[in-house]
Protein chains: 2
Amino acid sequence: MARLVAERHDVIPQLAEIFREQGYEGTSLKIITERTGLGKGSLYHFFPGGKREMAEAVLDDVDGWFRTHIFAPLRETTDAKAAIEAMFASVETYFRSGQRACLMGVIASSGAMDIFSERVQDYFVAWKRDLAATLARAGFAGDEASALAEEVLAGIQGGLILARGLEDTPVFTRVLERVKARCRPPRPQ
Amino acid sequence: MARLVAERHDVIPQLAEIFREQGYEGTSLKIITERTGLGKGSLYHFFPGGKREMAEAVLDDVDGWFRTHIFAPLRETTDAKAAIEAMFASVETYFRSGQRACLMGVIASSGAMDIFSERVQDYFVAWKRDLAATLARAGFAGDEASALAEEVLAGIQGGLILARGLEDTPVFTRVLERVKARCRPPRPQ
DNA sequence: GTCTATAAAGCGATAGAC
DNA sequence: GTCTATCGCTTTATAGAC
């Protein structure tokens, strides 16, 4: 498939999709050249560090997207309950109702975790921290907010695994709905 | 590390551990020879189909273990509540309190899913089916039992992802405890 | 059954023309 | 910026000695 791009910025979403589907080790330069339509010359022009730099750029891009569209809104929306609702809506859309894998989760469950552990860990830590703080603002006790945040993140990651493992994408949305229901605050705010 | 083995049967647990840590694409014959202490000659003697046959053997072994120690007890234990408790205890032990990855989940979130999808899907389908049936026996309505089974499996898989992604193995046990608590039946049986 | 040597293919990466 | 050709290296797999 030929697709013309001319900037490093434009190729990152395509790389992200490939890494999501194939994993880091499963992604070869051959696959990348085929799917992006760019030759190795162009790729190494954009990413002198090669495949590793491509993955780093994609990981940074994903991390940045989540910080902007998920983590910051959790912290900054005054209505905590609405912020949590908005997070679930964004997550459902981002992961295409279960059709799209989580790149951070894919890396975490592969040997490539050794290389990218810092980026992956930062992502999950930030998400857990900001979600737990928002759940606390919504009325959950501190300990319960932290444990519930872990349960929600596990539900999201596990829902994506099940969607692929069962080859049944709607299971992701069903699990997401259930963990969202767990987030209804115990007392009105 | 040198470790002497002489039978195909003996090498499978070692292969399983390697595939769990490195994934399918991330596992090379070099790593396998180093960690098992066997040369390529021995490995191809046991597994003429090479790396792919090694993975198939490991997948079948894992599937068999779960059918014997998790799925069958769920179906056959008369006390449904006790059967579910036993399942959680076995899962906690099998996954070493979060230190060990789930091979089926690792494959499901990699490009190797294309090759092994049938085995992976059968595993998750069987687990979900037998857990849902047991939850129904424990007092949950059919629809709720099915959805709860999905939530539990997602919690297990997601808990394992978080354990690796956060580099915090205890998070697996915490998530497991929470989904176990969700399985307390709504009415006494 | 296990080893070493080796083959054939694919890999990531580089060089240089345009 | 993009291409093609090519370089080493690693990969999976095979052959044959012991």
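Just so we're on the same page: letters track the sequence lines, and every chain starts at 1. For clarity, every value in this text was computed on a predicted model and none was experimentally measured.
- Of the charged side-chain nitrogens involved, at least one lies within less than 4.0 Å of a carboxylate oxygen, so that R174(A) and D168(A) count as a salt-bridged pair.
- A salt bridge links E144(A) with R178(B); the closest basic N to acidic carboxylate O contact falls under 4.0 Å.
- Between the OH atom of Y44(B) and the P atom of dT14(D) there is a distance of 7 Å, rounded to whole Å.
- Look at CG on L43(B): it is 17 Å from P on dA15(D), rounded to the nearest Å.
- In this structure, E53(A) places its CD atom 10 Å from P of dA13(C), rounding to the nearest Å.
- In this structure, G39(B) reaches the sugar-phosphate backbone alone: every heavy-atom distance under 4.0 Å involves primed, P, OP1 or OP2 atoms, never a base.
- A salt bridge is absent between E92(A) and K180(A): the closest approach of a Lys/Arg side-chain nitrogen to an acidic carboxylate oxygen does not fall below 4.0 angstrom.
- We find that NZ of K40(B) is positioned 13 Å from P of dC3(C), with the value rounded to whole Å.
- Put simply, S42(A) has no side-chain N or O that comes within less than 4.0 Å of OP1 or OP2 on dG1(D).
- By the 4.0 Å N-to-carboxylate-O rule, R52(A) lies close enough to E56(A) to be salt-bridged with it.
- When heavy atoms are screened at a 4.0 angstrom cut-off, K30(A) is found touching the sugar-phosphate backbone but no base atom.
- Summarising the geometry, the separation between CG on L38(A) and P on dG12(C) is reported as 16 Å, rounded to the nearest angstrom.
- An OP1 or OP2 oxygen of dT2(D) is reached within less than 4.0 angstrom by no side-chain nitrogen or oxygen of H45(A).
- Counting only heavy atoms from C-beta on, S28(B) has its side chain closest to dT12(D) among dT14(C), dC11(C), dT12(D).
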